[in-house]
Amino acid sequence: GYQKNQVFDETSKQQQSFRLDFTTGFTVEFWLKKGTNPTGSQAIFDIRDTVNRSASFGAYMISSALTSNLFVYYNNAVASNDFILTLPTGLGTSNTDWHHYAIVLNHADSDYKGKLYIDGEFSSQASATKTNVAQTGSLKLTIGALGGDFRNHDSSIVAGYGKLSGSIAEFRFWQEQRNAQEIGRNY
């Protein structure tokens with residue numbers, strides 16, 4: 001039957017339980033153990049609009065070889081609304097221990113906002129002033145590499161690029177903004 005975490009699409013008369021809605025917000029959680037010799041940018045996960053792949057997608061990426069920051073980015077059909085949030089992890093670049101990451105994202109008061117929690121504790125936050133553009137197509141999730149290309153930005157970045165050097169476990173996508181207490185209790 002129909003549940004809170006599902007969306008009913010009137011057009012197709014089907015339930016879809018995966019959506020990218022910055023207005024209500026969402027939370028992504030996972031355990032990550034970085035590799036010992038990571039190189040370049042590495043995708044932790046990538047969310048794509050399967051109908052408009054080249055122009056409309058949301059994706060999240062870490063450049064663990066260069067910095068201890070987590071980079072959250074969103075690219076949609078309106079290039080002027082693209083953004084990158086830099087969220088410092090507080091972990092060293094050589095830290096290869098298992099850590100729990102929780103990223104809480106939303107759009108309010110003309111800003112995209114992101115908060116990062118590491119091992120159940122608040123770590124950092126960032127925002128970008130941009131117009132909210134909804135993801136209306138069917139979405140595809142890829143873990144550990146890019147699920148599509150970046151030909152709008154760089155034609156050398158193709159699907160499969162940015163393979164993760166490390167391990168990821170217990171990936172969770174919550175269609176709500178989880179608060180610090182929920183994240184701390186559930187990590």
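Positions are given from 1, in the same order as the sequence printed here. Only heavy atoms go into these numbers, but all of them, side chains included; no hydrogens, no water, no symmetry mates.
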Tell me whether the centres of the aromatic rings in Y101 and Y117 are closer together than 6.0 Å. no

Would you check, one step at a time, whether the test side-chain contact (heavy atoms from CB on, under 4.5 Å) holds for I168 with I44? CA-CA 8 Å; I168 194 165; I44 296 173; 3.5 Å; yes

Side-chain heavy atoms nearer than 4.5 Å, only ILVMFWY residues, links allowed to pass through others: does that put [X] and [Y] together?
X: F30; Y: F26; result: yes
X: F173; Y: I183; result: no
X: V104; Y: L85; result: no

Distance (rounded to the nearest 0.5 Å) between [X] [atom1] and [Y] [atom2]:
X: W31; Y: R172; atom1: CH2; atom2: CZ; answer: 8.5 Å
X: E170; Y: W98; atom1: CD; atom2: CH2; answer: 9.0 Å
X: L141; Y: D46; atom1: CG; atom2: CG; answer: 8.0 Å
X: W174; Y: E182; atom1: CH2; atom2: CD; answer: 8.0 Å
X: E121; Y: H100; atom1: CD; atom2: NE2; answer: 12.0 Å
X: K33; Y: H99; atom1: NZ; atom2: NE2; answer: 10.0 Å

Give the C-alpha distance, both sets of side-chain angles, the deciding distance and a yes or no for side-chain contact (heavy atoms from CB on, under 4.5 Å) between L32 and L164. CA-CA 10 Å; L32 175 67; L164 181 65; 4.0 Å; yes

Less than 4.5 Å apart, any side-chain heavy atom of L87 and any of V72? yes

How about I103 and T27: do any of their side-chain heavy atoms sit closer than 4.5 Å? no

Work out which heavy atom in [X] is nearest to a heavy atom in [Y]; give both atom names and the distance.
X: K130; Y: H107; answer: O-NE2, 2.8 Å
X: Q177; Y: G25; answer: CG-CA, 3.6 Å
X: I118; Y: S123; answer: CG1-CB, 3.7 Å
X: A108; Y: K113; answer: O-NZ, 3.5 Å

Under the side-chain contact (heavy atoms from CB on, under 4.5 Å) rule, what do N106 and T23 come out as? Steps first, then yes or no, please. CA-CA 6 Å; N106 75 316; T23 305; over 6 Å; no

Assess, by modelled atom type and distance only, whether the side chains of T129 and D111 contain a donor and an acceptor separated by less than 3.5 Å. yes

If you draw a 6.0 Å radius around CG in D97, do more than 12 non-hydrogen atoms from other residues or ligands fall strictly inside? yes

So for atom CD1, which belongs to I84, do other residues, nucleotides or ligands contribute more than 12 heavy atoms lying within a distance under 6.0 Å? no

With side-chain contact (heavy atoms from CB on, under 4.5 Å) as the test, would you mind laying out the steps for Y112 and L105 before giving the verdict? CA-CA 7 Å; Y112 284 99; L105 296 161; over 6 Å; no

